[in-house]
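Worksheet: one structure, shown below.
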Amino acid sequence: MGGFYRVGVFIVLLALLFPLSSAEILITEVMYNPEGDDNTKEFIELYLSNSLNLTSFIIKDSSSEDILELVSFIPSLYALIVEEGFNDSSLNLSAVSVYSIGATIGNGLGNSEDTITITFPNGTAAETVSYNSSFGGNGDGNSLQRIDGIWISASPTPGFQNNATSKSMITFNSLPIVTITPIIEEILYTAVSYTKLFALTIDGKDSCSSKDSVTVLYTITNHTGIEKQEDFTVDVGCTKTADTGKFTPTAAGNYTLCGTIINSTVKTAPAQKNPTCSSFYVLDTATLSCDLSINITTAEQLIYTAGEAIKFKTELTNKTFPFTIEYWIEDLFGKIVKPKETTANTNQKSWKTAIKEEDRVLFIKATLNPLCHDRNETNNIAEKMFIVKGAPMVISSESVSEDSVIIIDDVTPDPVALGSIVKAEMTIYKGNTRQYAFTAWVERNGKILSEKTKFNLKDKFTNYSLTLPILLKSACDRGVTSGDAELIVEGMGIHVEKEISLTDSDDDCAKEVVNPETSTKETTIKKDTSQLSSDESPPAFSRRSSYSQESEGIVVYESNSSKSRNIIPPLLIVTLGLLSMILVLKK
């Protein structure tokens, strides 16, 4: 009984919402410029979808408005609005109700053009038409008549059918009309949210870019009664299906969806004043057994240029069951570069690559979440690798496995001082190749400016993240100067370069010294270690000294202990000589 009670409440609610607006009113004939004197000869004919007393309704033209006063009422689908004193022998008094508005309709219907509006007593517009003299009926004895949705000029027929077309068959094609159609699927699933319940269509619009507001009241019922009752308002161009209601089933069973347009800025088709309905069935996803798997497909290309869009699709072995897919893009180290998103379709997606690094290896990843009992969840994860190049890679002439990649992610510091260590952060993916030796160094125009750092990577199909130290030569080495240079990494037949800047060290390795006695320019070579902190570790690299002490005028820096050793022999000789002289004098 509770269910029937709720249905009854819904019906009463609908009746209260539009007791007047349920009547469709059409202006079907206008006599705006009768032949001769206009006085008492102008009239407007109306067609009603049901018999309705129009007392207190309002008629407007472009200048003024009048309240309809009943002259005679006939339970008919036709009504006539006339001027006071109207008397026309052609009037079909047995088939039409008559209403008067005084001496003139509005301010007198315009002979060149005018707009006529019929409104309900509460001021809501029921019908509006516009005309101009180019339509016809301009003082030639004819009236404007609406036939099959088109205005034509013809002999007046107040209260009769317009020529050969039945008024009950008058169409609405000349004015925008909104219709509503349920589009909910026949089979739905529990725990799935559905937001496309209806299709709203406006026909007869000049432009779909202009929007009209439509409000719909909808009800979902099952065997127990009303499951949900709600309204929504959307803006409609010509069609609208998105966000036309929402339903998330919680139990299996048979359901019925009904919807009615309760308010709109355009007219509603007369046949749809009553609710339009559709039935559907809900399945319980927990009882459904399935085995779904996912795969990711892209274009055949592996390498993309920064800023280029990569297009990809997720493919399922079976799309019969409801599902959601969570997808994102991350790099080799799990850092997410495109945030995770959830979708319930397998439509093509795209992402515009944007990286700051020179090159980067990325992965599209997706996780399938079927809303059924999946017997095998091991195939619910998929990934697809691709490479984004911020700058062109330099590839050697040797054969290279296209699955292997070397990327110099960063170099620190940059610029770097000569004689210090530069660190190269690298990403390496070793594919199907037997080569395992790698070398890194710094050079300029073929001249090597650093020690060579060598390392080996043994495992195939493996991602590596490395930070390589490379010891730069000192400015004291012949031919080593500051300026731009290239940090180079080679391995697996791949040659990769990254430009860096070299600067002189804060401590000069060579200073000019002038000997005041000989006025000869002498150069002192030394290495200052006084600024090294006690806890600093020396570089884990050996360096070959290239200092030369063979040229004249070069004085090598000597420590105090070395100077002492050089003074001792002459000092002993002098001391022995003095002792000998003392002994001789005593004798």
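Hydrogens, waters and symmetry mates are skipped; everything else that's a heavy atom, side chains included, is used.
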How about Asn369 and Asn380: do any of their side-chain heavy atoms sit closer than 4.5 Å? no
Below 4.5 Å, heavy atoms only, C-beta onward: do Thr276 and Pro182 meet side chain to side chain? yes
Ring of Phe312, cation from Lys384 - is the NZ or CZ under 6.0 Å from the centre and inside 45° of the axis? no
Restricting to non-hydrogen atoms, name the atom on Leu292 and the atom on Asn318 that form the minimum distance, rounded to 0.1 Å. CD2-O, 3.5 Å
With a 4.5 Å cut-off on side-chain heavy atoms, are Thr285 and Pro322 touching? yes
Counterpart residues, salt bridge (charged side-chain N to carboxylate O under 4.0 Å, His left out), relative to Lys228 (two or more places apart): Glu230
With sequence neighbours excluded, what pairs up with Lys211 under the side chain to side chain donor-acceptor pair (under 3.5 Å) test? none
Output the distance between atom OG (Ser501) and atom CG (Asp484), rounded to the nearest 0.5 Å. 4.5 Å
Please round to the nearest 0.5 Å and tell me the distance separating atom CG of Leu332 and atom CG of Leu362. 8.0 Å
Glu186 atom CD: more than 12 heavy-atom contacts under 6.0 Å: no
Quick one, Phe386 and Val388 - any side-chain contact, counting heavy atoms below 4.5 Å? yes
Counting distance only, does the side-chain N/O of Asn432 pair as donor-acceptor with the main-chain N or O of Lys460 below 3.5 Å? no
Exactly one candidate in Asp235, Asp212, Thr215 meets side-chain hydrogen bond (donor to acceptor under 3.5 Å, both in side chains) with Thr265; the answer is Asp212
Would you say Thr343's side chain and Asn345's backbone share a donor-acceptor pair under 3.5 angstrom? yes
Considering all heavy atoms of both residues, which atom of Ser404 and which atom of Gly431 are nearest to each other, and what is their separation? OG-N, 2.9 Å
Taking everything shown except Lys338 itself, do over 12 heavy atoms lie less than 6.0 Å from its NZ? yes
Please assess Ile202 against Leu200 for the test side-chain contact (heavy atoms from CB on, under 4.5 Å), listing each intermediate value before the final yes or no. CA-CA 7 Å; Ile202 300 179; Leu200 296 171; over 6 Å; no
Leu466 versus Phe438: any side-chain heavy-atom pair under 4.5 Å? no
Which atom pairs, donor and acceptor, lie under 3.5 Å between side-chain atoms of residues 245-256 and protein residues at least two apart or in another chain?
from	atom 1	to	atom 2	distance (Å)
Thr248	OG1	Ser193	OG	2.8
Tyr255	OH	Ala251	O	2.9

Pairwise distance CD1(Ile184) to OG1(Thr195) - rounded to 0.5 angstrom: 10.5 Å
When rounded to the nearest 0.5 angstrom, what distance separates NZ in Lys423 from CG in Asp410? 12.0 Å
Can you tell me how far NE2 of His373 sits from CG of Asp291, rounded to the nearest 0.5 angstrom? 10.5 Å
Between Val234 and Phe198, is any pair of side-chain heavy atoms under 4.5 Å apart? no
Nearest atoms (heavy-atom pairs only) where Leu472 meets Ala417: CD1-O, 3.6 Å
Go through the steps for Leu449 and Lys473 under the test side-chain contact (heavy atoms from CB on, under 4.5 Å), then give the verdict. CA-CA 6 Å; Leu449 306 180; Lys473 292 183 178 181; 5.5 Å; no
Mind running side-chain contact (heavy atoms from CB on, under 4.5 Å) on Met426 and Tyr464 for me, showing each step along the way? CA-CA 8 Å; Met426 308 181 59; Tyr464 294 92; over 6 Å; no
Taking Ser450 for its side chain and Val442 for its backbone only, find out whether a donor-acceptor pair lies under 3.5 Å. yes
Quick one: list whatever passes salt bridge (charged side-chain N to carboxylate O under 4.0 Å, His left out) with Asp374, sequence neighbours left out. none
Look only at the side chain of Thr439 and the backbone of Gly491, and say whether a donor-acceptor pair between them is shorter than 3.5 Å. no
Residues pairing under salt bridge (charged side-chain N to carboxylate O under 4.0 Å, His left out) where one sits in residues 314-328, two or more places apart or in two chains, turn out to be none
dist Leu257:CG -> Thr221:OG1 (nearest 0.5 Å) comes out at 8.5 Å
Test side chain to side chain contact (heavy atoms under 4.5 Å, CB included), reference Phe232, set Val214, Leu217, Thr244, output is Thr244
Ignoring hydrogens and geometry, is there a side-chain-to-backbone donor-acceptor pair from Thr353 to Glu308 under 3.5 Å? yes
Ignoring hydrogens, what is the shortest heavy-atom contact between Gln435 and Gly493? Give both atom names and the distance. OE1-N, 3.2 Å
Do Thr181 and Thr201 pass the side-chain contact (heavy atoms from CB on, under 4.5 Å) test, and can you show the C-alpha distance, the side-chain angles, and the key distance before you say yes or no? CA-CA 8 Å; Thr181 305; Thr201 305; 5.9 Å; no
Does a side-chain heavy-atom distance below 4.5 Å link Leu302 with Met385? yes
Is the backbone N or O of Val411 less than 3.5 Å from a side-chain atom of Lys498, with the two atoms forming a donor-acceptor pair by type? no
Quick one: does Lys349's side chain have a donor or acceptor within less than 3.5 Å of a partner on Asn347's backbone? yes
Aromatic contact, Phe321 with Tyr189 (centres under 6.0 Å): no
So for atom OH, which belongs to Tyr436, do other residues, nucleotides or ligands contribute more than 12 heavy atoms lying within a distance under 6.0 Å? no
Could you tell me which non-hydrogen atom of Pro413 sits nearest to which non-hydrogen atom of Ile421, and how far apart they are? CD-O, 4.0 Å
Would a distance-only check, ignoring hydrogens and angles, find a side-chain to backbone donor-acceptor pair under 3.5 Å from Gln348 to Lys311? no
Below 4.5 Å, heavy atoms only, C-beta onward: do Ile488 and Glu497 meet side chain to side chain? yes
Shortest non-hydrogen contact from Thr233 toward Ser213: CG2-OG, 3.3 Å
Set of salt bridge (charged side-chain N to carboxylate O under 4.0 Å, His left out) partners for Glu330, sequence neighbours left out: Lys365
